[in-house]
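Before any comments, here is the structure.
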Amino acid sequence: MTSNPKTISKSLTAVSIETPAGHFIAHFSEAGLARLEFPRRTATLPQPSLNEWSSKQLKWLAITKRAICDTLRGQPASEFPPFDLSSGTDFQQCVWKALRGIAMGAIKSYGEIAQEIGSPKAVRAVGGACGANPIPLLVPCHRVLAANLHLGGFSGGLDWKLRLLAAEGVDVRLPGSRRAWGE
DNA sequence: CCACGGTGGTAGA
DNA sequence: TCTACCACCGTGG
């Protein structure tokens, strides 16, 4: 019963995706989109030669770009690429699957997710799994808030979490008190 | 507002 | 193994 995801090493192909909000970096495996990074200040990646890509991956790339742009505009994506979430533990994959069930504009709490996956007390662990989500934005961990509509955290920086929620029309109890403005 | 204890899962030693 | 983290939660000042 012990799956050991860390022993699975996969070769990933990274590509930068240009959007109105900056350059995201997507990593594809043979199975699908495996990782997505928010735009950074620091230098962007050299673009790999696209002719080494399978037509399969080129298609995923187009779908991914469309899905990112739609989500940023607060519109439901019409299509997602396949996700390769095999890097996660069983528990994490369980959580990530639950995250995918949260519709755009909807929110859930860490506690609700915990309940949903059948481990009602594993609340902190759910937070940990959200933080380990390799595909933020498209696996919508930004739609998970703490209790009482408190913001909680976000691996990509809380400013992103706020921005995404705002785009989806969700208003959050703002952290005038809640500390930590993650960077 | 703050402090604290109870939590379950992970990573590192 | 044991231990020390945590994107939490509820309760009590």
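Here the structure is a predicted model, which means the values were calculated and not measured. FYI, side chains are in, hydrogens and waters are out, and symmetry mates aren't considered; it's all heavy atoms of this structure.
Contact annotation: A:T89 side-chain N/O to B:dT10 OP1/OP2 distance is under 4.0 Å.
Distance alone, capped at 3.5 Å, places no donor-acceptor pair between the A:W96 side chain and the A:A132 backbone. Checking side-chain atoms of A:Q93 against main-chain N and O of A:G88 turns up a donor-acceptor pair under 3.5 Å. Using a distance-only test at 3.5 Å, with no hydrogens or angles considered, no donor-acceptor pair links the side chain of A:K108 to the main chain of A:L99.
Pair assignment for B:dT7 gives none, since no Watson-Crick or G-U wobble pairing has each distance under 3.5 Å.
Rounding to whole angstrom units, CG of residue A:D90 and C1' of B:dT10 are separated by 13 Å. Atoms CD1 (A:I113) and P (C:dC8) sit 14 Å apart, rounded to a whole Å.
Aromatic ring centroids of A:W160 and A:F38 lie under 6.0 Å apart.
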With the criterion being N/O to N/O and under 3.5 Å, what pairs connect the protein with nucleotides 5-7 of chain C, and how long is each?
from, atom 1, to, atom 2, distance (Å)
C:dA7, N6, A:C130, O, 3.0
C:dA7, N6, A:S155, N, 3.3
C:dA7, N6, A:S155, OG, 3.2
C:dA7, N3, A:Y110, OH, 2.6
C:dA7, N3, A:G153, O, 3.1

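Following chains of ILVMFWY side-chain contacts shorter than 4.5 Å, one cannot reach A:W53 starting from A:I63, and the two form parts of different hydrophobic clusters.
With salt bridges taken as basic N to acidic carboxylate O contacts below 4.0 Å, none links A:K65 and A:E18.
Between B:dT7, B:dT10, C:dC8, one nucleotide has an atom nearer to the side chain of A:Q92 than all others, and that is B:dT10.
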